[in-house]
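Residues: numbered from 1 along the sequence shown.
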Amino acid sequence: MNEVIHTFCVGDQVLHPLHGAGTITSITIRQNGDNRQPYYAMHLLIDDAELLIPVACETRIGLRRICSKQTAREILAGNIGTLPPQPSRWNCRQRENMARIRSGDIRQVAQVVICLHMRGRRRALAGSEQRVLACAEKILYSELMLAVSATREEIEQTLEPQWSKLRRR
């Protein structure tokens, strides 16, 4: 068996770009046919579920450490950069929003959440956009919760006034 280098250790707080933030609970070896592969067992914060991630695929998946406390505080203060223009066609919006979510950048995920909230206040979101919004919120809130040791309610109460300011610009 080839030795695979572990980037993360048990107890590290990491973000999976499509599932949200959580903690590495163990590193297990699984038998897949003739191959034995190491997997990270990650406990997801919001879903309260366990996710197995192949160690060999961690960079391809985009697994990374959660953002710093300073970055989280900047996001909570409303510093996410300028909001990108939203295409009028839903399939273009969907593609761009999913690309931002997959990027793993917390600022881009926050931009997706804000843009979809703003659009949802003007008109009802399509079902696919509601699912993207739920996914983006889960990713954003879970990472901020771990970074600043807060509850989801505290994060929401902090972000809502900041996003209201952004909407008025």
Side-chain angles (χ1 to χ4, degrees), residues 4-32 36-80 94 97-121 124-163:
V4 178
I5 298 172
H6 300 265
T7 305
F8 304 107
C9 300
V10 173
D12 285 349
Q13 295 177 329
V14 296
L15 176 92
H16 187 290
L18 294 177
H19 292 285
T23 305
I24 301 289
T25 56
S26 66
I27 300 173
T28 61
I29 305 293
R30 288 273 175 120
Q31 187 78 26
N32 294 332
R36 292 180 52 158
Q37 290 185 303
Y39 283 81
Y40 293 120
M42 177 181 168
H43 182 264
L44 297 172
L45 183 65
I46 289 188
D47 291 338
D48 195 31
E50 191 163 301
L51 183 66
L52 289 177
I53 304 162
V55 171
C57 299
E58 70 185 43
T59 54
R60 188 168 27 113
I61 291 170
L63 197 66
R64 67 166 175 80
R65 295 191 191 284
I66 63 167
C67 67
S68 66
K69 258 188 187 177
Q70 180 180 353
T71 302
R73 287 187 184 127
E74 289 173 9
I75 299 291
L76 291 170
N79 182 10
I80 60 162
Q94 182 86 350
N97 287 336
M98 286 308 296
R100 286 189 189 100
I101 290 171
R102 282 189 197 106
S103 75
D105 181 10
I106 189 169
R107 286 185 171 84
Q108 289 189 25
V109 174
Q111 290 172 354
V112 169
V113 172
I114 292 168
C115 289
L116 287 175
H117 269 294
M118 289 170 51
R119 184 165 192 81
R121 291 205 171 144
L125 293 176
S128 61
E129 288 180 315
Q130 290 174 357
R131 287 188 296 277
V132 169
L133 176 60
C135 177
E137 284 180 334
K138 178 174 69 169
I139 292 165
L140 178 67
Y141 293 153
S142 64
E143 185 166 9
L144 291 175
M145 288 165 60
L146 284 177
V148 297
S149 301
T151 64
R152 183 177 177 135
E153 292 77 25
E154 292 169 340
I155 299 292
E156 288 173 346
Q157 289 172 357
T158 305
L159 288 176
E160 186 58 36
Q162 299 301 327
W163 292 350

Asker: Contact between Val112 and Leu140 at the side-chain level, heavy atoms closer than 4.5 Å - yes or no?
Answerer: no
Asker: Enumerate donor-acceptor pairs with a distance under 3.5 Å from any side-chain N or O in residues 73-80 to protein atoms, sequence neighbours excluded.
Answerer:
{"from": "Glu74", "atom 1": "OE1", "to": "Arg107", "atom 2": "NH2", "distance (Å)": "2.2"}

Asker: For the residue pair Ala136 and Val109, what are the closest heavy atoms and their distance?
Answerer: O-CG1, 3.4 Å
Asker: Does any non-hydrogen side-chain atom of Arg152 lie less than 4.5 Å from one of Glu137?
Answerer: yes
Asker: After noting the C-alpha distance and the side-chain angles of Leu144 and Ile106, does the key distance pass the side-chain contact (heavy atoms from CB on, under 4.5 Å) rule?
Answerer: CA-CA 9 Å; Leu144 291 175; Ile106 189 169; 3.7 Å; yes
Asker: Which atom names give the shortest non-hydrogen contact between Ile27 and Pro38, and what distance separates them?
Answerer: CG2-CB, 4.4 Å
Asker: If I compare all heavy atoms of Ile101 with all of Ile139, which pair ends up nearest, and what's the gap?
Answerer: CG2-CD1, 3.6 Å
Asker: Can you sort out the partners of Arg65 under side-chain contact (heavy atoms from CB on, under 4.5 Å), two or more places apart, ordered by chain and number?
Answerer: Phe8, Asp12
Asker: Just jot down the side-chain contact (heavy atoms from CB on, under 4.5 Å) partners of His19, sequence neighbours excluded, or say none.
Answerer: His16, Leu44, Leu51
Asker: Between Ser103 and Gln108, which heavy-atom pair has the shortest distance, and what is it?
Answerer: OG-OE1, 3.2 Å
Asker: Quick one: does any side-chain atom of Thr23 pair with a main-chain N or O of His43 as donor and acceptor, under 3.5 Å?
Answerer: no
Asker: How close do Gly104 and Leu15 get, counting heavy atoms only, and between which atoms?
Answerer: O-CD2, 4.1 Å
Asker: Can you tell me how far the NZ atom of Lys138 sits from the CG atom of Leu45, to the nearest 0.5 Å?
Answerer: 11.0 Å
Asker: So, using side chain to side chain donor-acceptor pair (under 3.5 Å) as the criterion, who are the partners of Arg64 when residues are at least two apart?
Answerer: Glu143
Asker: Check the side chains of Glu160 and His117 for a donor-acceptor pair under 3.5 angstrom, ignoring hydrogens and angles.
Answerer: no
Asker: Considering non-hydrogen atoms only, spot the tightest contact between Ala147 and Ala72 and give its length.
Answerer: CB-CB, 3.6 Å
Asker: Using 0.5 Å steps for rounding, measure from the CG atom of Leu52 to the OG atom of Ser26.
Answerer: 7.5 Å
Asker: Got a sec: does the CD of Gln70 have more than 12 other heavy atoms crowding it under 6.0 Å?
Answerer: no
Asker: In sequence, state the C-alpha distance, the side-chain angles, and the governing distance for Met98 and Val132, and then conclude on side-chain contact (heavy atoms from CB on, under 4.5 Å).
Answerer: CA-CA 7 Å; Met98 286 308 296; Val132 169; 3.8 Å; yes
Asker: Can you list everything that forms a side-chain contact (heavy atoms from CB on, under 4.5 Å) with Gln130? Sequence neighbours excluded, please.
Answerer: Leu125
Asker: The criterion is side-chain contact (heavy atoms from CB on, under 4.5 Å); which residues satisfy it with Glu154, sequence neighbours excluded?
Answerer: Ala150, Thr151
Asker: Only one of Leu63, Thr28, Val14 forms a side-chain contact (heavy atoms from CB on, under 4.5 Å) with Tyr40, so which one is it?
Answerer: Leu63
